[in-house]
Amino acid sequence: MKKIVLLRHGESAWNKENRFTGWTDVDLTEKGVAEAEKAGETLKEYGFNFDKAYTSYLKRAVKTLNCVLDKMNLDWIPVEKNWRLNEKHYGDLQGLNKAETAGKYGEEQVLIWRRSYDIAPNPLSEKDLRNPHFDYRYHEVPDAELPRTESLKDTIERIMPYWESDIFPSLKTAHTLLVVAHGNSLRGIIKHLKNISDEDIVKLNLPTAVPYVFEFDENLNVSNDYFLGNPEEIKKLMEAVANQGKKK
Ligand SMILES: O=C(O)[C@@H](CO)OP(=O)(O)O
């Protein structure tokens, strides 16, 4: 049976500080590295063996992938990085503390910015040095395609060309693929795979470094999906992610 495992990176420095991160290239914390290693061990225990892995251009995802492959003795497999798997761009919220932002603008508004389907935060200004336009790693991406902010809808629209042209077609020859990315870029992929409505996607919160397995039938339709781990613990982790947008 063909499988794709989706994995959000381990805890990052700005997850720990509860700050909007988006395209900011922050590193993993020690806890984040430990979470990534645990994900690798879990995948190994369950007998997973990946043919190929995909990740974003952001180091919290790249390093999580490296930790997982190291624990699985799969350092040798082909890995493809693509900017299209980056996190949702959080516009001018990037760097702000989520609880403080909820205190200032209200929890409802923060929920809209974090989880709504088609509403994006205010964009970064053209001159803002955090604008991806100034970052060499994106120099081959046409400027018109580089975001200054994104809704989930925008994020899905930039991921899908890569999903449809590279990741999904490689399932025809590969058995099992690993995609290590981010809370919202993965919500976008999950929305697509499970056909989740624009309303229901608001409720999905992904915990860091918990493998999420998708199984496909012979026609490459999704036949089953499940997280690896204790369901009660995973539920608590999901609630904790949701609560990051609450006032202190
Ligand atoms: O800050 C971010 O980039 C994302 C993911 O870490 O956070 P949120 O859960 O608020 O979408």
Side-chain angles (χ1 to χ4, degrees), residues 6-29 31-33 35-36 39 55-65 83-124 130 132 135 147-156 158-159 179-191 196 198 200-210 212 234-248:
L6 304 180
L7 185 69
R8 185 180 172 200
H9 59 81
E11 183 195 69
S12 75
W14 282 15
N15 291 146
K16 190 176 176 185
E17 293 172 19
N18 201 22
R19 293 162 81 179
F20 288 101
T21 316
W23 280 38
T24 317
D25 199 8
V26 294
D27 211 337
L28 295 175
T29 60
K31 181 182 168 196
V33 171
E35 286 175 341
T55 192
S56 73
Y57 273 10
L58 298 170
K59 71 173 78 163
R60 57 193 189 273
V62 174
K63 290 192 178 183
T64 297
L65 172 60
W83 69 276
R84 290 184 184 276
L85 290 174
N86 277 11
E87 180 55 303
K88 174 175 96 159
H89 196 295
Y90 255 114
D92 73 351
L93 294 179
Q94 289 187 175
L96 299 182
N97 179 280
K98 293 174 195 178
E100 284 170 19
T101 307
K104 194 165 169 194
Y105 297 97
E107 290 179 3
E108 276 292 296
Q109 181 58 57
V110 166
L111 181 66
I112 290 169
W113 282 327
R114 293 182 75 206
R115 294 292 174 262
S116 71
Y117 176 58
D118 54 7
I119 298 173
N122 289 330
L124 290 177
R130 296 172 298 170
D135 190 334
R148 274 66 168 161
T149 186
E150 283 180 322
S151 62
L152 183 64
K153 181 170 184 273
D154 300 325
T155 309
I156 294 172
R158 71 127 146 111
I159 294 170
V179 179
V180 181
H182 305 264
N184 294 294
S185 56
L186 292 173
R187 283 173 70 237
I189 292 171
I190 294 163
K191 185 179 190 303
I196 298 174
D198 301 355
D200 285 348
I201 197 62
V202 174
K203 292 175 235 148
L204 180 63
N205 286 282
L206 286 186
T208 48
V210 179
Y212 190 5
I234 293 170
K235 194 166 163 246
K236 279 196 197 131
L237 291 171
M238 288 174 154
E239 280 164 10
V241 175
N243 289 337
Q244 287 166 353
K246 301 259 166 75
K247 293 189 265 207
K248 277 255 165 75

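Predicted model, so just to flag it, every value in this text is computed and none were measured. Counting from 1, the numbers follow the sequence of the chain as shown. Atoms within each ligand, like the ligands themselves, are counted from 1 in listed order.
Residue-to-ligand polar distances keep Arg60 apart from ligand 1: every N/O pair is separated by 3.5 Å or more. Checked against a 3.5 angstrom limit, the closest N/O atoms of Gly22 and ligand 1 fall inside it. In terms of N/O distances under 3.5 Å, ligand 1 is approached by Arg114.
Contact annotation for Arg8 and ligand 1: only side-chain heavy atoms (C-beta onward) come within less than 4.0 Å of the ligand. Neither the backbone nor the side chain of Asn205 has a heavy atom within less than 4.0 Å of ligand 1. When non-hydrogen atoms are compared, ligand 1 lies under 4.0 Å from the side chain of Tyr90 (C-beta onward) but not from its backbone.
Annotation for ligand 1: atoms under 4.0 Å from non-hydrogen atoms of Arg19 are 1 (O). Residue Asn15 has at least one heavy-atom neighbour below 4.0 Å for each of these atoms of ligand 1: 6 (O). For ligand 1, the atoms sitting less than 4.0 Å from at least one non-hydrogen atom of Phe20 are 1 (O), numbered in the order shown with element in parentheses. With ligand atoms numbered from 1 in the order given, ligand 1 contributes 1 (O), 2 (C), 4 (C), 7 (O), 8 (P), 9 (O), 10 (O) to contacts under 4.0 Å with heavy atoms of Lys98.
One N or O on the side chain of Asn86 and one on the backbone of Tyr57 form a donor-acceptor pair closer than 3.5 Å. The backbone N or O of Arg84 lies less than 3.5 Å from a partner atom in the side chain of Arg158, making a donor-acceptor pair. Under the 3.5 Å distance criterion, the side-chain polar atoms of Thr64 are left unmatched by any main-chain donor or acceptor of Ala36.
The closest approach between a heavy atom of Gln94 and any atom of ligand 1 is not below 4.0 Å. Ligand 1 lies nowhere less than 4.0 angstrom from a heavy atom belonging to His182.
Closest to atom 9 (O) of ligand 1 by heavy atom, among Gln244, Arg187, Arg115, is Arg115.
At the shortest separation from atom 1 (O) of ligand 1 among protein heavy atoms lies Thr21 N, 2.8 Å. Of all protein heavy atoms, the one closest to atom 5 (C) of ligand 1 is Glu87 OE2, 3.1 Å.
In terms of heavy-atom proximity, Val180 sits nearest to Ala61 at CG1-O, 3.5 Å. Between Pro207 and Ile234, the shortest heavy-atom contact is CG-CG2, 4.3 Å.
In summary, of the residues considered (Lys88, Arg8, Arg115), a side chain to side chain donor-acceptor pair (under 3.5 Å) with Asn184 occurs for Arg115 alone. Gln94 pairs with exactly one of Thr24, Thr149, Thr21 by the side-chain contact (heavy atoms from CB on, under 4.5 Å) rule, that one being Thr24.
Side chains of Glu11 and Thr208: a donor-acceptor N/O pair is absent below 3.5 angstrom, by distance only. For the 3.5 Å distance criterion, the side chains of Asn205 and Arg114 fail to qualify, holding no donor opposite an acceptor.
Within the 6.0 Å centre-distance limit, the rings of Trp113 and Tyr105 are counted as a close aromatic pair.
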